[in-house]
**Student:** 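If you scroll down you'll find the structure; I have some questions about it.
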Amino acid sequence: QLSQPFEMVSGKLRATELRQRNKDDLEKQLDDLKNELQQLRVAKVTGGAASKLAKIKTVRKNIARVLTVMNTNIKQSLREHYAGKKF
C-alpha cells in the first residue's frame, strides 16, 4: 500500500501498518515524528499557521501509536521467551 516506507509522517498512522514493521523502522518513524513535533512547536512559538498548530495533536497521537506498538512487540516477545518456564 505504501509507496515509501515513511510516506505518512504528517498524516494519521494506522496501528495495523505499524505492527508489520520491524524494530528499526519503528525507531526511525519515532525519530521522524519527534523531529516533526519539535518543528511544529517552534512554529507555534514563532506564530505559525493554524494548520501547523492543528497538526501538533495528530503528531502526538502518532508518537503514542508507535510507542504502543513497540511496547506491545516487546511484551509479546518476552511472553514467548518465558512461555512454559516456571519463573
Side-chain angles (χ1 to χ4, degrees):
Q1 288 180 346
L2 298 176
S3 60
Q4 297 175 355
F6 304 111
E7 180 180 305
M8 297 187 345
V9 171
S10 60
K12 182 177 178 183
L13 296 173
R14 302 217 180 267
T16 54
E17 294 172 358
L18 291 175
R19 286 188 194 106
Q20 297 170 357
R21 297 184 182 176
N22 60 16
K23 184 179 177 184
D24 294 333
D25 286 345
L26 289 174
E27 288 175 351
K28 174 84 169 85
Q29 181 78 40
L30 186 62
D31 286 341
D32 292 344
L33 287 169
K34 285 185 176 182
N35 288 335
E36 184 177 0
L37 182 62
Q38 183 181 16
Q39 292 171 358
L40 290 172
R41 286 184 174 156
V42 168
K44 178 181 176 183
V45 170
T46 58
S51 62
K52 286 191 173 188
L53 299 181
K55 199 187 287 188
I56 290 176
K57 180 180 178 181
T58 59
V59 172
R60 288 181 63 224
K61 300 289 182 181
N62 287 339
I63 289 173
R65 279 189 194 92
V66 171
L67 287 173
T68 301
V69 169
M70 287 174 70
N71 288 330
T72 306
N73 290 344
I74 290 170
K75 286 184 178 183
Q76 183 63 34
S77 66
L78 286 173
R79 280 190 194 102
E80 292 170 0
H81 181 265
Y82 288 107
K85 296 186 180 179
K86 193 169 184 178
F87 290 106

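Computed from a predicted model, the values in this text were never measured in an experiment.
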**Student:** Distance check, rounded to the nearest 0.5 Å: Asp25 atom CG versus Gln20 atom CD?
**Tutor:** 11.5 Å
**Student:** Among all residues two or more places apart in sequence or in another chain, which pass the side-chain contact (heavy atoms from CB on, under 4.5 Å) test with Lys61?
**Tutor:** Lys57, Arg65
**Student:** Can you tell me how far CG of Leu40 sits from OG1 of Thr58, rounded to the nearest 0.5 angstrom?
**Tutor:** 8.0 Å
**Student:** Below 3.5 Å, can you tabulate the donor-acceptor pairs from side chains in residues 66-77 to any protein atom, sequence neighbours excluded?
**Tutor:**
from	atom 1	to	atom 2	distance (Å)
Thr68	OG1	Ala64	O	2.7
Asn71	ND2	Leu67	O	3.3
Thr72	OG1	Thr68	O	2.6
Asn73	ND2	Val69	O	3.4
Gln76	NE2	Glu80	OE2	3.4
Ser77	OG	Asn73	O	3.4
Ser77	OG	Ile74	O	2.8

**Student:** Enumerate donor-acceptor pairs with a distance under 3.5 Å from any side-chain N or O in residues 42-53 to protein atoms, sequence neighbours excluded.
**Tutor:**
from	atom 1	to	atom 2	distance (Å)
Thr46	OG1	Val42	O	3.0
Thr46	OG1	Ala43	O	3.2

**Student:** If I take atom CD1 from residue Ile56 and atom CD from residue Gln39, how far apart are they, to the nearest 0.5 angstrom?
**Tutor:** 11.5 Å
**Student:** Whether Lys28 and Asp32 form a salt bridge (side-chain N of Lys/Arg under 4.0 Å from carboxylate O of Asp/Glu) is what I want to check.
**Tutor:** yes
**Student:** How far apart are the closest heavy atoms of Leu33 and Ile63, and which atoms are they?
**Tutor:** CB-CG1, 3.6 Å
